[in-house]
Each structure stands twice: as structure tokens, then as C-alpha cells.
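Reminder, nothing fancy here: chain letters follow the sequence lines and each chain counts from 1.
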Amino acid sequence: MSSEEIKWEVKSDYIHALAQKGIRQDNRKTDEYRKIQITPNYIPHAPGSALVKIGATQVLVGVSMGVGTPYPDSQASGVLMTGCELVPMASPSFESGPPRPPAIELARVVDRGIRESNSIDFDKLCITEGEAVWMVMIDLHILDYAGNLFDAAELASIAALYNTKMPKYEDGKVIREETSGKLPLLKKPIECTFVKIGNMIMLDPMLEEEKSLDARITLATTEDSSLCAAQKGGNGSFTEKEIMDTFDIAVEKGKDLRKLI
Amino acid sequence: MSSEEIKWEVKSDYIHALAQKGIRQDNRKTDEYRKIQITPNYIPHAPGSALVKIGATQVLVGVSMGVGTPYPDSQASGVLMTGCELVPMASPSFESGPPRPPAIELARVVDRGIRESNSIDFDKLCITEGEAVWMVMIDLHILDYAGNLFDAAELASIAALYNTKMPKYEDGKVIREETSGKLPLLKKPIECTFVKIGNMIMLDPMLEEEKSLDARITLATTEDSSLCAAQKGGNGSFTEKEIMDTFDIAVEKGKDLRKLI
Amino acid sequence: MSSEEIKWEVKSDYIHALAQKGIRQDNRKTDEYRKIQITPNYIPHAPGSALVKIGATQVLVGVSMGVGTPYPDSQASGVLMTGCELVPMASPSFESGPPRPPAIELARVVDRGIRESNSIDFDKLCITEGEAVWMVMIDLHILDYAGNLFDAAELASIAALYNTKMPKYEDGKVIREETSGKLPLLKKPIECTFVKIGNMIMLDPMLEEEKSLDARITLATTEDSSLCAAQKGGNGSFTEKEIMDTFDIAVEKGKDLRKLI
Amino acid sequence: MKNPGIELFKDGKRLDGRKVDELRPIKIEAGVLERADGSAYLEWGANKVLVAVYGPKECLPRHLSDPYKAVLTYRYNMAPFSVDDRKRPGPDRRSTEISKISAEALEKVVLLEQFPNSMIKVFCEVLQADAGTRCASLTAASVALADAGIPMRDLVASCAAGKAGGEVILDLGKKEDNFGEADVPIAITPHDEEIVLFQMDGALSKEEFQKAVSLAKQGCKTIHEIQKAALKKRFEQVKPPIKAVKTEIKKSEVSK
Amino acid sequence: MKNPGIELFKDGKRLDGRKVDELRPIKIEAGVLERADGSAYLEWGANKVLVAVYGPKECLPRHLSDPYKAVLTYRYNMAPFSVDDRKRPGPDRRSTEISKISAEALEKVVLLEQFPNSMIKVFCEVLQADAGTRCASLTAASVALADAGIPMRDLVASCAAGKAGGEVILDLGKKEDNFGEADVPIAITPHDEEIVLFQMDGALSKEEFQKAVSLAKQGCKTIHEIQKAALKKRFEQVKPPIKAVKTEIKKSEVSK
Amino acid sequence: MKNPGIELFKDGKRLDGRKVDELRPIKIEAGVLERADGSAYLEWGANKVLVAVYGPKECLPRHLSDPYKAVLTYRYNMAPFSVDDRKRPGPDRRSTEISKISAEALEKVVLLEQFPNSMIKVFCEVLQADAGTRCASLTAASVALADAGIPMRDLVASCAAGKAGGEVILDLGKKEDNFGEADVPIAITPHDEEIVLFQMDGALSKEEFQKAVSLAKQGCKTIHEIQKAALKKRFEQVKPPIKAVKTEIKKSEVSK
């Protein structure tokens, strides 16, 4: 066992002990976010981008625009692709190389939140039916991992989409120097992630809480208070009631966060 | 050395001792197959498929049909591709990941049996010369590895080809819901695999015999009693006479097995 | 520590001790090459090729010609690609698998020498602007690694380019059996590589010197005595003056080597 | 979830004639493979899934082993011919995600702490796919684990509910999955009804969501009965003769 | 280096108004990341580079460790959105080469021999690229190493000179890089002016080459002042409170 | 094997003037590389093959080592420029298969049991390909193994026979291989005529097959003579001076 692992074991005992008393290491309420900072257009050269900090967690998202062929089953719709690199700078436990399961899960949950909420107006991204459509490529770049990547990545993605400029497209070529307007958007899905430690369920886990979790749940909701994506993680479980309770909090917090974008 | 390896070493000594007395662990004759069961059309959603059991060995083969461009040196012929995954469920020694040498050898020997015998009427698979031809994709899926994958995989492939339905092709598109007839076939190549243990040569090795082999030989023959493909394996050797003897058995057994399809 | 590593440590001490006295293991002068042998057209079936030996180092370079689409930013120019395999036969320390950093550095430095000197007349390699251009593919095949791969590989590449025959191109097809003339070439860039051991700087390092180096510098010069590419390696350093001194030697040696091609 | 224009109900019934709270036919057989330590074959509608379990055995490579408990790995894989357009062999992003959350669900029930430094491997092969394959695989996997004799707190039963054609329905079929409004796959531990796997995508109001989760839980309970029946049948079987030979050889090892 | 037809000078000034020996604006901030042991953020013209340093820590996998000194790894990486045409994630041949020569430059200054069997990892992320990213990364990396408290003989300062529009100039901008005649990126150890990184491509006579190297060295010295200022500012800062908590826990470990 | 319409015989002779039982010209040279422990260069018709042998040395990674014998690895590789259409570097399915069966053939003759926990590596590079490269590589490989001084029971000699233009012939040329009816590459241990490598594809009656195997065996015997001559010549050579230096250093190690 490495000293790193021993350290986390000790921390985890401490977090569990606190949870039994109903308190969090930084004295936050169970439904309270850490300080959130959004810097839209952080990469001005990119069509869209945003840097989001939740506490010490930092996620940078860039949106690239390309033109490609549509999927065979939706010939008149644009294409969304969401990639994620857990860049090794962000944590001593991240490694170089192809995305591993946690990075893939993160990218897919963020992608589902955007896709299933119809956040992007894909029909308006068709250039020539069956031949050419716009491809929206979201890249999640995790810079500093201090817990709750899901919410930071989704928030940064939505913020980045909401400042994305469409390049011009003329004579079969993308002209990156010129802009043809904003990306057509319909909704702002907001993800809220909770962890369960012992019997306590808390919003926006910091790193120490994530390392100590029994189970994790992420709920993405839209303006009309409906659920558009959800994902449970961890080897613990939730009761039906617990899930319904997090739903209500997610809808409320979603309203607050939506205003920040 | 792991307990698994010790177990196989002991078993191998036992099999060798039996072979010296001219007997096999399950009392089969040297030119006798274990019980063979063929279930054609096991995957009804696929164009072609078959499940073959030889003793406890189970191989599932699926045939997919696609349309692609022909090879530059045979512009008017269809294309055959044979892939193999030694799915890790089939044996504690198989691993996830890209195909390793034994899987590649298996796929290539099965492929050669089919290709070299002109089993498939490739000329009839041309749609537009130089532009579009049918691609026949055979996937060998090994489910339970109890010896003699070569014969089981070839038998399952031939059985699968013989129940393959061609999808319709209209206006440059494959219509998978409709069928345009059977795959055009010419021959039924049958593979027979023998192992040599000490001086004994035996057909259809079970797992214990395969793990104890000195050398292995596979011969594929066709209806006209001619050889279309062969492959020797293992770090032992055969004499010229031994190879000629296996040839005769392979022709005889081929006649029996061919009737099963 | 392996016996191999101990051997090299002892050798390195020896080389360093010699360098302090200003001498090299094989008594060469600091600006002297080992014996150089060039065999052009070593692979007569290939469009271009050359085998170069510098001392015991052997590098075989083959040039392949293909037709492809031009880069978007140079629609009327041919394309150069330089690949390198440190084939495992060439040294006990080379391994099978994708190219590692030293192979990539080697290929890129050779490529830069050719590309930046405008050695190839890329404009004459355009077939149809924006659609079809000739692709020159240089493959560096390292056969025996006894030091100074950079100079051997560059020399072999230039020698191979200078005997490259262009295949015919008719009706959108490459006809490999027929030749349409020589590859259009403009210049012969020559690389000279020096190593610094202690305070001694010497040209054309043999293997023992390379394993003992503090720093390495490669300079590629052209007919007009100008520099077209350079690369420093190793965890030591050079003074500005040392670099200027190697420049002068590189120009002189370049003139000699250029005559060999 | 994009073409709500397609008719998914006819005369008040679903396309395949089912009621809104009705499962497709399910068949489970345990102990179907020779080499694996445990196995199960499952048919669920037109889904065909085969699961093998190996272990507990030594964890290799060793640096992955855990001194406190067994490591459980789960491989969800679709055979190339299991879907209409041939799937390229090997894991993709979708199968990687399914494998991850399925492993987490099983970790809740398998008594991993009894086998420190060991590894338990679950391999699921989807042979024919027809919507609901992650639930089918997980359901079969817990039967295969029991067949392998691996100690568990409970089985895991999995099933999806969702919304299609405006209705909240149980166990979406292929067209309901493709053209419906939402999908909610869950898995529970039947005895205490805790939710161990949970995903959702689409669009659901709170009321619909509650109804879907409740329906899916009911489905899981029905499936649990089928799981138990399959295991009961398996344990009544006589072991095949070849297994007996295996055991003998093991004995001779011990006597060495 | 292929289109000398494009105008790179207007009224005796460069496209962005600079003089031939003038650097673009540079801003460095040390200590910007929570998890890393050291970090630095650098803006240089429109380049944005972030560097994290981890270590010295145990070298894993162990067979890569060196009994005489720490192993230093360097990863230069461009974010997919850092360039106009989205870059596929992961290392390519260019970034592999840059990583190799940058590591070699830092090996000259880091006191690796003080940490046998250890590993020091440097991760550079180019977030926005605008010509000169290898120099920007290396410059930021040596600040991040210092921020991590890793003992060094000197900093490494890096800068390019080159030739564009017929003139030898300092610190090429994007168009000067794309349409100029030559690029000479170097790095020096400022105290003894030794050259630790050196590359060149294009076409330069000896006189031009001498002028370019000399100009680049001057640029490095200016950059060294900015590096020192950033570190001074960092060491004047109060450590953030969360770091304090970290330390406490470390203490409790020691007392066990 | 698909175009029997092409003429493969002219005036009773083969396209290159050979008789049906005649080999192409073969030239073997042993000891051609500096770094390898053993090496051989072979020309066979227009085939050019280079083989290097390293070992026996410590088997790395160690988990691949065998406590009873050396592990022999064989890499058959075609240089990108060895064929008309440039071959992508790296192993493909064909080369993987050839490497596997060639290793198995050599395992029969190399005294692997003398070097437990060791590794012997054989690297074959096809520099120019002209039909029959697997036989050429294996033939050269056993010479390189002998050049490395690795103890062997016998050499391995390899050669193909086949059928083209209706005739059973020895050592198929490129057109005979492409447009012929069958190919039977074999390898034997010359002293006892045991067959250690054997493949066949195409279509042969039993009579033709017997004739082909018999012919190929004869070819192998001729090749064996060429192998022996190459080794004889090699052992008569004086070792080059650099090798002597190597030996000295090895001695000094021993005396430490």
C-alpha cells in the first residue's frame, strides 16, 4: 500500500465520521454548491469555450465546428460529439493514454444531458440533406480535479455552446475567419450530482467526499422541470425515495445555475 | 508456476502415458469425432449463422453482408473477410484485446479453406464491376473451448454460409429487411484436424489432447477428394507418410460431415 | 542493473577518459568520418533506394511513390512523408511496436533536412491542382546500429531520392511497371552530427561515443553553404561559439559527402 | 428518442401486442458452458445473451489486486453479428460505460471481502440484440455468479421502463426504444428493493418518472422469480460426467 | 516557409507593430492549480499555456526507475480546441519530438541526482496556440518546477528568433512562422548562457544564423526576468487555506 | 490462384527458363551484422532477406519466461518498400501467422532446454519480396542461429512446391504464385527428413499433392547444402577487429 493510499483511507474514515454527525468537511449544507465561477469565451480563437471553476475544480471546454456527413438514420440533422481527456495534469491518479472508463462515463453523461434535452437545434445544422451537416465537437479538458467533474463539465459545456459562433460555409468550404451567427440552441440542461456517504446525501461533492462515496447520482433537468438524463455510479445503492428527493433539489438548483449562463 | 499450470502438466503426462498404450482419455478411436451438433440459423436476425458443438466445444459463427469496393486485382469479384475473437468467456487462458496469434491463425486457416475451395461463387457477388461488390464477413465467436476449434469453426462457417440470405440492394443502398435470395455457393470444404502425441495420431483432439500435443495438422478437402488447404502447427514434426495417411482419413470424414450441412 | 548496463557504464568511463586526453577510441580525428559506403538502387523493385554504411552502421532507405490528395494549404504541391522503424534487428535495445521518441526524432530531423532545403521540387509533383499530387514516401529501415543514425539515414535518403524513378500515371491510375522519368530534385542537403563528451566535440559518433555523450548536435547544410535544419539532443549544453564552429565543419564536410551521391 | 411521429400503439396495445406493464417472454438457463466456473444463457424477447463467470482466482496482473477484497471485472460485449450493421469487434465507448455501471451494481451484492487479492471475472456476450441488452446481461450475470457458487448477499435483477407514444411502459421493445420518449434502465436487489443500477435518458416529468421507476421495480421482481427458477433447475441437475473426471485429477494433485 | 510573397512588414514595422527585436507581451503566474505539486500559467501573445508538475515521487512502473537519479518526463500536449482545425487528442509525432527535447533541456538544470528511484513529471497543456508554443511551454515548465520546490541549478528560459520577410527577427508571430524563411527556437540557462535546447529549420546564411542565435539569447534573458518576477510574487503569497488542511493530515500520518 | 488463363509455360520451360524441378538461384552469407549475436543475408531469386539473432539472454518481461527452457520468438516482417504497393509498417495478420509457424518449426531444432528462463529472438526482414519469402526467411534464420553459436539438433531448410499451369513444380516464382493453382511451402530437418513446417492452399489431387511434397523435400535438401557452405565460409573468416574489442571488455567484466 502506498502512502498516497494510506492518506486517502485516513481521510475517508474522517469524512464518514463527519457524515454520521450530518456535517461536511467544509461545513457546507447538503444542498449547497461550492463557489462557482464561469469564464465564457476563455479561448477566443475557438468557436466556443468556457472555463468553469467549482471550488478548486477547473474544467475548460472548447467547442469546435466542422462539416461532415450526417448519420444514416438522421439525414437532415447536425452531429454532436463529446470527447473527454482526463488530462494527467489534473490529478496524480490520471494517466496519459486513451480515455479510461471514468473519462468515457463523464463524456457520455455530459453528452446525454445535451443531446436528450434537445439543447442544440440539430435540424438547423443541416447544410444539404444526406450530404453535409454541421458537426459540433465538444472537448472536455479537465485541468484541476477537486471533485464533481460531472457538474463542472456540463456547466462549462452549456456555457461554451451559448457563446459558440458558427463559421461561414461557402462553396463546400468552412471559412473559419468569418462568422455566420450563433449556434442555434433551445435549452439549458443543468446537471446536479449528489453523493451518498453512509445515510447522508449531499450535493456537489468535493474531492474528499468523492473518494469516500458509497453511491453517486447525477440528474440533468431542463427549464420545464423535467428530467432529461440521469446516471447512478458507485457500488452503493439508493432507495426510490432518495432518488425522488434528489430530483426536487436538482430542479431547484438547476433554476439557479441556469441564470449564470 | 501456478496451480493451473501444474494441473495441466500432470494431465499431459497422463495423456502421453495413455497414448503410448494407444488409447485416448475418452476411449475414442483415433479417427473418431466426438458428438457433433449443428444448429443452423441460430441468430435469425443475422443474414447467416450457425452454432456448432463438437463435444463440449461451442463455436458460433455469424455471416454479415455488406457492399464495398472490390480489390484492385479482382474488380468483378466479391470479397470475403474472416475475423475471429477468442472471446474471453471461452477459456481461462483467453484474454480481452486484439486478436493474438492463435486467433489469427484460426481465422486464416478457416478463411483459406473457404477461399481456396471456391466455396463461394465470388463472380456472382459483383454488383458493378470495379465499383460495388458484396462483402461476405464471417465472424467466428468461440463460446466454449474444449479442443479442436479449427474443425468446429470451419463447420460452423460452412453451415452459416449455407443458410445465408442475401439482403436486397437497390439504388445504392442495402435493404436489410428484404431478401434477394440465397448466397451463391459452389462447394463444402471440410476441415479435419489431427494431433500427434508421441507416435499416435488422432482426429478431433479434445482439450487435454490439444494441451499435450507434439504437432497438429489440419487438412481441408472438397467434394472431389482434393485438398484445398492445410496447416501444420506445434513444435513437433510429421513424416511424409503420416501426412499422406491423414489425407486419406480427411477425405473419408469429409464425406460424412458434408452430409450434416 | 543488468550486465548489459554495467558493460556500458564501464565503456562510458573509458570513452570519457579518452576524451579528456583528446583522443577517440578508434583514433579518428574530431572531424573525421568513419568509412562511408553508398549502394544506390539496392532494392531494384522499389522506385528508389539506397543502402548506406558508415562504419558498421547500416541504414537502408526505400522510396515509394503514390498518388493522393494535396494538403489544403498547398493545393498544387506534392507531399513528402518520412517514416522510420528502428527495426529490432539493429540493436538489442530496439523493440518491436510503434515508433518510439528516438525513431520519431530521427525521422523528423531527416524529413526537415529534405523539406526545408527544398530538395524535392514539390511544384512539379502536382498532377491536378487540389485533387491529385504525387506522394513521396521515404522509409528509413535501420539494419545495424553502430552510431550516427542521423547522418546515415539522411545520406541514404538523399541517395535514394537521387535514383528514384517516377512511375507512369494514366487515367487516374499508377502504372508501376512503367517509368515516366526521374523524380524532380533541386538540392542535396547533407547532415553532419557531432557529439560533445566533456569538452571535446567530435563528428560522426560511433556507438560507444553516442552512449557516452553529454550533448549532440546535427546540422544540415546545402550547396550554397547555408543551414537548412538543425537539432540539438542530449541533456548537456553547447555554447554559442561551439555551435558556430560545428557550422563551419558541417559546410566543409557537406561538400565532400555531396560528391558521393 | 427523436421521431414521435411513428405509431407505437395499435388498438390500445403495443406493437407486439403487450400491455403497458407487460414484460417480453424471458427464459434463463444456468450452467451452459464447460470451461467457465459459472454460466447462464438468457433469451428475453429476441435478445440472446450468454454469460460466463471465472473466479475467484488469483488477481493478475498483481498490481491490480486489492488486499481487502476481490476485484470484480465485467465485460459487456456485442458480437459483430448481433446487430443489423455489423459491429466492429472490441469495446467501444457505449460498452465501456455499460461494463462500468454493471460492475458497480454487482459489487453491492458479491461478498468480495471474502476473497482478498482475488479476481472475479464476468463476461457477457450479446449474441442477438433487441433492446434492453444491458438489463438482460446484468440479469444473466447474477445467475452465472450464483451458478459459480460465489457467495452473494442477493441476486441483482434488472429491467427498464420508459415512455413511448406518450405512455409510461415497461420493458421497451426495439421500436419503442428507437422512437420512444424516454428509457429508464434500473437494477435492484430484490429483497430490500435498493436500486443498484440507474440510468435515464429522454424527457420525463416528475410524475412520469415516478411511475416509470415504480413499473421497472415491479418488472425486476418478476424477473427475480425467473432467476430463482433457473437456479433451482440447475441445482437439481446431475453434474455432467466430464466435470467428474476433472475432479479426480484434482484429487491426484492433492495426494502428490 | 514557402510563401515569401506575403507582406510581413508594413512601414518598417512587423504586422503586429513590433520592432525586429521585440517580444510579444508575456505574463506568467505561478501556483495556479490545487492538485499539482507545482504549476504555472503563461500567456505569450495569444498563446495560453498551463503547466503542472508532480513529484518527486516513487517511479512507477518500477522497471523505469534509475538507481542514480530521478527520471524526468515531459508531456507537451495541444488541447483539441487550441488550433483552428480541431486536433485529434493524444500525442502525435510533432508533440513527441518536442516533449523529448524539452525533457533533455530540463534535465540539465534539475538536480535529479538528489532523488534516485524517483520520478518528476511535467505536464504542459497548450490551451490556445499562436506560434512559439514549445518555447512558451518550456519557459512555463521551469517556473512550475520551481513552484514545486524542486531543486534546480538554474531556470530554463526559451525563445525563438528567425527570419521573415528577409529580416532576422525575434519571437516569430503566427504569420511570420507560417510564411517566414526560418525559425530558430532555443533555450538557455540564463546564468551561464549555455544553450540547452536548439532547433532550426528554413534557410539561413552563417551571418543570419549568428544574428538569430544572438537575438534569441537576448530574448531568453528578458524572459528570465519575467520568470523571476512571477516566482517572487508567488512566494510572497499566503498559501491558500485548503493546502493547510492537506499539511495537517500529513502530520497525523507521521505521528501514527 | 484464380486466373489459370495466363500462360505460365513457354516451349516446355517456365517463364524464367527454369525446369519444373529447378530452384531459383540462391546465395547465403552468414555474419553480416555488427550488433546481432548471429546474422545471415539471403538472396533467392529477387528475394532479399536479412535475419538477426539475439540471445540466449535474460527473458524480459520476466512473466513470459519458462523455467524449463528458453522462449524463442520469431518476427517475420516486410519492409514497407519490399512490395510494389507500399506496405504499412508493423505486423499484419499474414506476418503474424508466418511468425507463429516459423517459430514452431525452429523450436523443433534449437536446444531450448539448455537455456531455462532465457529468450532467443529471431528477427527476419524481407527487404525485397518475390514469392517464397516465408521459406527464404526460415532458411536464413536457421543459418543466423548457427552463426550465433546457438546449439541445434539440425538446421531447418525450407522450400515450396506447387502447381501452376497444370504442372507440379518446385519453388514458385511470383507469377506462378499469383496465377498458379496451388502452393505447398514446407520445411524439413534435413538429416531425418521430418517435416517441421507445412502449409498448403489451392487445389491438389492426392497424386499431385504427393508429388509436390516429394519435390519440395528435394528442394530443401539442395538448400541445406547451400546453408552448410555459407556457414563453412563464415567459420573460416577471421573475426573483425571490433568484435575483438568487445571480447576484451567482457573479460574485464569477469575479472571485476
#### Entry: NZ/NE/NH1/NH2 to OD/OE distance under 4.0 Å, D:Lys48 and D:Asp130
no
Note: vs chain B, highest number of non-hydrogen pairs under 4.5 angstrom among D:Ala46, D:Pro80, D:Gly55 is D:Pro80
* To do: Flag the pair B:Leu60 / D:Glu125 as yes when at least one side-chain heavy-atom distance between them is below 4.5 Å, and no otherwise.
  => no
When the 4.5 angstrom heavy-atom criterion is applied to B:Leu143 and chain D, the contacting part is both
Max heavy-atom pairs within cutoff under 4.5 Å with chain D, candidates B:Ser64, B:Ser91, B:Ala146, B:Ala46, goes to B:Ser91
(request) Verify the ring-centre separation between B:His45 and D:Phe81: is it less than 6.0 angstrom? (result) no
Okay, D:Val51 and chain B: the region with an atom under 4.5 Å from a heavy atom over there is backbone
Turns out that what part of D:Val32 lies under 4.5 Å from chain B's heavy atoms comes down to backbone
Whatever's closer than 4.5 Å to a heavy atom in chain B on D:Lys121 counts as neither
Requested in this report: Using atom types as modelled and distance alone, determine if a side-chain donor or acceptor of D:Lys27 lies under 3.5 Å from a backbone N or O of D:Trp44.
Outcome: no
Check the pair D:Lys175 / D:Asp16 against salt bridge (Lys or Arg N to Asp or Glu O under 4.0 Å), numbers first and verdict last. CA-CA 10 Å; D:Lys175 286 205 170 163; D:Asp16 55 2; over 6 Å; no
Practice item. Could you give me the CA-CA distance, side-chain angles and deciding distance for B:Glu210 and B:Tyr145, then say whether side chain to side chain donor-acceptor pair (under 3.5 Å) is met? Key: CA-CA 11 Å; B:Glu210 240 174 54; B:Tyr145 169 43; 2.5 Å; yes
Applying a strict 4.5 Å limit to non-hydrogen atoms, the region of B:Pro44 in contact with chain D is both
